[in-house]
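First comes the structure, then the notes that go with it.
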Amino acid sequence: MNILSIQSWVAYGHVGNASAVFPLQRLGAEVWAIHTVQFSNHPGYGAWRGQVLPAALISDCVEGIAERGVLGQCDAVLTGYVGDAATGAAILDAVARVKAANPAALWCCDPVIGDAGPGVYVRTGIPEFFRDRALGLADIATPNQFELEWLTGRPIARLEDARAAVAALQAGGPRCVLLTSLRTAETPADSIDLLAAEGGAAWRVRTPLLPIAANGAGDAIAALFLFHRLRSGSARVALECAAASIHGLLRRTAEAGARELLTVAAQEEFVAPGTVFAAEAC
């Protein structure tokens, strides 16, 4: 399995490609990583160094891969954090080139826009890029609850609202949707929900809510969901596998009292999660 992953990179910590690449490799995938930004650490620390990388660099790297004659061997494109709206065109071109070489390849678009609390935290134009250009072409989308509400203009208070918002997103493009960080009136205070939908069906997994707010979990679960969806062909199976692994990773990180995800130390959670969760139709 070969996955082209275009998203951010940090030298310290695990977000973006620094969160997604290793789990994919641990599961056996080859990852062709291209970075949209190179930062010292996650901006959530309040201070960081580094640069947003130019769109031309991304295009140049894709051209170099194409020159190796291997784009037809790419099974999927995974995209996440975009440092500048101008990068959008380079991402769309990369996806188009992969799909031209391999029409069966999937695009998993993680529309990184913001989250509950901080709200929108990306640069001007990026949310609109995801809403107006990217998601209409994506096969899989992995928004969190805040992002799904922003993209569809639909507030989510109950599970039925979540299903309706997911259906609205699907109607505009991605046939498969993973909704993360879902909290509705039906979600117990000590739990968190994830919902996946494809082919007219939807499933929910509920996991214990852990006392942790580490960055990069969304990037990791998008990668894990894509891998298991490619491997199994089933959104339900992908949901169960990704939920189990991300819960194990977060549990190990919380137990250690760490601020950054223990992506390496907890790597067995990717291949043999300590706790499994059964998805239920919803």
Among residues at least two apart in sequence or on other chains, which ones pass side chain to side chain contact (heavy atoms under 4.5 Å, CB included) with [X]?
| X | result |
| --- | --- |
| T152 | L148, R154, A165, A168, L169 |
| V276 | none |
| P127 | I113, V120, V122, W150 |
| C282 | L159, R163, L195, A202, R204 |

Same cluster (ILVMFWY, side-chain, under 4.5 Å), [X] and [Y]:
| X | Y | result |
| --- | --- | --- |
| L24 | F225 | yes |
| L135 | I221 | no |
| V112 | L224 | no |
| I91 | I140 | no |
| L249 | L226 | yes |

Quiz item: Partners of F277 by ring-ring contact (aromatic ring centres under 6.0 Å, His included), sequence neighbours excluded?
Solution: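 Testing F277 for ring-ring contact (aromatic ring centres under 6.0 Å, His included), a comparison that skips the adjacent residues, returns H247.
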Exercise. List in chain and number order the residues that pass ring-ring contact (aromatic ring centres under 6.0 Å, His included) with W9, two or more places apart in sequence or in another chain; answer none if no residue qualifies.
Key: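 ring-ring contact (aromatic ring centres under 6.0 Å, His included) list for W9, sorted by chain: H35.
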Practice problem: Would you tell me whether W32 and S5 have side-chain atoms, one donor and one acceptor, within less than 3.5 Å of each other? | Solution: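 Short answer, no.
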Quiz item: Under 3.5 Å, is there a donor-acceptor pair between the D110 and T142 side chains?
Solution: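 Yes.
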Quiz item: Hey, does the side chain of N41 reach the backbone of A47 with a donor-acceptor pair shorter than 3.5 angstrom?
Solution: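 At least one qualifying donor-acceptor pair exists.
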Quiz item: Short question: side chain of N102, backbone of V98 - any donor-acceptor pair under 3.5 Å?
Solution: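 Not confirmed, N102 side chain does not pair with V98 backbone.
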Is there side-chain contact between [X] and [Y], with at least one heavy-atom pair below 4.5 Å?
| X | Y | value |
| --- | --- | --- |
| I6 | L78 | no |
| R183 | I192 | yes |
| R175 | L106 | yes |
| V10 | S40 | no |
| F130 | C109 | yes |
| L179 | N144 | no |
| R231 | V237 | yes |
| L53 | I58 | no |

Looking only at non-hydrogen atoms, find the nearest pair between [X] and [Y] and report the distance.
| X | Y | result |
| --- | --- | --- |
| V177 | P143 | CG1-CD, 4.1 Å |
| T263 | F22 | O-CE2, 3.6 Å |
| R252 | A265 | NH2-O, 3.0 Å |
| A254 | I212 | N-CD1, 3.8 Å |
| V271 | P273 | C-CD, 3.8 Å |
| I246 | A220 | CD1-CB, 3.7 Å |

Output the distance between atom [atom1] ([X]) and atom [atom2] ([Y]), rounded to the nearest 0.5 Å.
| X | Y | atom1 | atom2 | answer |
| --- | --- | --- | --- | --- |
| I156 | T184 | CD1 | OG1 | 9.0 Å |
| L27 | F227 | CG | CZ | 4.5 Å |
| E269 | T253 | CD | OG1 | 9.5 Å |
| N17 | T36 | CG | OG1 | 7.5 Å |
| E240 | S232 | CD | OG | 9.5 Å |
| S181 | F146 | OG | CZ | 12.0 Å |

Quiz item: Do NZ/NE/NH1/NH2 and the carboxylate oxygens of D139 and K99 come within less than 4.0 Å?
Solution: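 Answer for the salt bridge query: yes.
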Quiz prompt | NZ/NE/NH1/NH2 to OD/OE distance under 4.0 Å, E268 and R26 | solution =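 Salt bridge: yes.
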Self-check item: side chain to side chain contact (heavy atoms under 4.5 Å, CB included) evaluation trace for E30 with Q25
Solution: CA-CA 6 Å; E30 290 288 347; Q25 292 172 328; over 6 Å; no
Practice problem: Mind checking salt bridge (Lys or Arg N to Asp or Glu O under 4.0 Å) for R158 and listing every partner two or more places apart, or none if nothing turns up? | Solution: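 Here the qualifying residues are E186.
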Quiz prompt | side chain to side chain contact (heavy atoms under 4.5 Å, CB included) evaluation trace for Y81 with I126 | solution = CA-CA 9 Å; Y81 183 86; I126 292 174; 6.0 Å; no
Which donor-acceptor pairs under 3.5 Å do side chains of residues 68-75 form with protein atoms, sequence neighbours excluded?
residue: R68; atom: NH1; partner: G64; partner atom: O; Å: 3.0
residue: D75; atom: OD2; partner: N2; partner atom: N; Å: 2.8

Practice problem: Check the pair V77, I3 against side chain to side chain contact (heavy atoms under 4.5 Å, CB included), reporting the backbone distance first and the verdict last. | Solution: CA-CA 6 Å; V77 181; I3 297 174; over 6 Å; no
Does any pair with a residue in [range] pass side-chain hydrogen bond (donor to acceptor under 3.5 Å, both in side chains), and if so which ones, sequence neighbours excluded?
| range | value |
| --- | --- |
| residues 206-219 | H42-N215, D193-R206 |
| residues 44-60 | Y45-E260 |
| residues 115-133 | D84-R123 |

Practice problem: Begin from the C-alpha positions of L92 and F129 and carry the test side chain to side chain contact (heavy atoms under 4.5 Å, CB included) through to its verdict. | Solution: CA-CA 10 Å; L92 295 180; F129 161 71; 3.9 Å; yes
Practice problem: Please name all residues satisfying side-chain hydrogen bond (donor to acceptor under 3.5 Å, both in side chains) with E255, sequence neighbours left out, ordered by chain then number. | Solution: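 Once residues adjacent in sequence are excluded, the partners of E255 under the side-chain hydrogen bond (donor to acceptor under 3.5 Å, both in side chains) criterion are R251.
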